[in-house]
Amino acid sequence: MVGGGGGVGSGLLENANPLIYERSGERPVTAGEEDEQVPDSIDAREIFDLIRSINDPEHPLTLEELNVVEQVRVQVSDPESTVAVAFTPTIPHCSMATLIGLSIKVKLLRSLPQRFKMDVHITPGTHASEHAVNKQLADKERVAAALENTHLLEVVNQCLSARS
């Protein structure tokens, strides 16, 4: 487990008792989406469905259950190939914010066609280091370097793996 407060791996949680939100239902698949002959555009709900089940690095809960991600904070323009996701850390001094943003970005990089330009950022006004975290997440070289760190990649992969 990745701990907060006392440093990574210390076992101390920064937000030991977070609010837990109800998961939204699964999206029904329409006949048009199942028809392989009909072009299927990517929408906000599809992006939300990709990121909602990402595991929080500190808690045995998903980002949706902690209200870190919500469909209303996902913007997509399929014609312009852009996706913007704003996420809200559970506390204003969350040391896991960069890791959460990186996990969202990696999930999108692995799931979407390469034509998409992604903007993953903290919801304005919800984190003490919002500007610094957003700058890191927007820097392609820093993201690539972070993913070359085997320990960090392992933690990201744990966040992205399905819970058993």
Side-chain angles (χ1 to χ4, degrees), residues 1-16 18-21 23-24 26-27 42-76 82-114 116-124 126-164:
M1 175 174 78
V2 176
V8 174
S10 72
L12 298 174
L13 296 178
E14 288 182 352
N15 186 5
L19 282 174
I20 300 172
Y21 296 79
R23 288 180 52 105
S24 59
E26 296 299 319
R27 178 173 69 145
I42 294 174
D43 61 11
R45 179 58 195 238
E46 192 166 348
I47 299 301
F48 177 68
D49 285 344
L50 288 171
I51 63 174
R52 66 192 275 195
S53 61
I54 294 172
N55 301 310
D56 181 81
E58 281 194 314
H59 298 284
L61 300 164
T62 66
L63 297 186
E64 178 186 23
E65 290 167 327
L66 291 169
N67 211 38
V68 171
V69 295
E70 293 180 280
Q71 185 177 336
V72 297
R73 293 194 308 253
V74 175
Q75 267 111 38
V76 178
T82 60
V83 172
V85 175
F87 68 98
T88 306
T90 58
I91 56 173
H93 290 85
C94 177
S95 66
M96 299 289 143
T98 306
L99 179 60
I100 291 168
L102 187 60
S103 296
I104 294 168
K105 194 154 196 157
V106 168
K107 179 68 174 185
L108 296 176
L109 285 167
R110 291 178 181 175
S111 304
L112 294 176
Q114 282 190 327
F116 276 91
K117 181 178 183 329
M118 285 160 252
D119 172 28
V120 175
H121 59 276
I122 292 178
T123 304
T126 63
H127 193 274
S129 302
E130 170 188 332
H131 178 73
V133 172
N134 289 343
K135 188 174 178 181
Q136 283 184 299
L137 292 172
D139 187 325
K140 287 181 182 177
E141 286 78 24
R142 288 173 104 172
V143 169
L147 296 177
E148 288 176 8
N149 177 319
T150 53
H151 174 68
L152 190 54
L153 183 59
E154 187 178 311
V155 174
V156 167
N157 285 333
Q158 286 173 357
C159 290
L160 299 181
S161 67
R163 293 237 189 259
S164 48

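Here the structure is a predicted model, which is why all the values come from computation and not from measurement.
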### Message
Do V83 and K117 have side chains that approach each other closer than 4.5 Å (heavy atoms only, starting at C-beta)?
### Response
no

### Message
If we check side-chain contact (heavy atoms from CB on, under 4.5 Å) with T90, which of these qualifies: T126, L66, I100?
### Response
L66

### Task
Decide yes or no on side chain to side chain contact (heavy atoms under 4.5 Å, CB included) for E64 and Q71, but give the supporting numbers first.
CA-CA 9 Å; E64 178 186 23; Q71 185 177 336; over 6 Å; no

### Message
Testing the basics here: between V120 and G101, what is the closest heavy-atom pair and its distance to 0.1 Å?
### Response
CG1-O, 3.7 Å

### Query
Between L160, L109, I51, V156, which is the residue that forms a side-chain contact (heavy atoms from CB on, under 4.5 Å) with I104?
I51

### Task
Over all heavy atoms of both residues, which pair between V74 and A44 is shortest? Give the atoms and the distance, please.
O-CB, 3.6 Å

### Message
For the OG1 atom of T88 and the CD atom of E130, what is their distance to the nearest 0.5 Å?
### Response
9.5 Å

### Query
Can you tell me how far NZ of K107 sits from SG of C159, rounded to the nearest 0.5 angstrom?
12.0 Å

#### Entry: A162 backbone acceptor or donor facing N55 side chain under 3.5 Å
no

### Task
Drop me the distance from T150's OG1 to E148's CD, to the nearest 0.5 angstrom.
10.5 Å

### Task
Take L147 and L153, measure what side chain to side chain contact (heavy atoms under 4.5 Å, CB included) needs, and give me the verdict at the end.
CA-CA 5 Å; L147 296 177; L153 183 59; 4.0 Å; yes

### Query
Any side-chain heavy atom of I54 sitting closer than 4.5 Å to one from T62?
no

### Residue pair H127 / P89, side-chain heavy-atom distance below 4.5 Å
yes

### Task
Would you indicate whether the side-chain heavy atoms of T82 and F116 approach each other to under 4.5 Å?
no

### Query
Any side-chain heavy atom of P113 within less than 4.5 Å of one from I42?
yes

### Task
Could you list the residues that satisfy salt bridge (charged side-chain N to carboxylate O under 4.0 Å, His left out) with E70, not counting sequence neighbours?
R73

Donor-acceptor contacts, no H, no angles, side chain residues 135-143, under 3.5 Å, sequence neighbours left out:
from: Q136; atom 1: OE1; to: T98; atom 2: OG1; distance (Å): 3.3
from: D139; atom 1: OD1; to: E141; atom 2: N; distance (Å): 3.0
from: D139; atom 1: OD1; to: R142; atom 2: N; distance (Å): 3.2

### Query
Mind checking what makes side chain to side chain contact (heavy atoms under 4.5 Å, CB included) contact with L152, not counting sequence neighbours?
L99, L102, A146, N149

### Message
Side chains of L63 and D56, heavy atoms from C-beta outward: is any pair under 4.5 Å?
### Response
yes

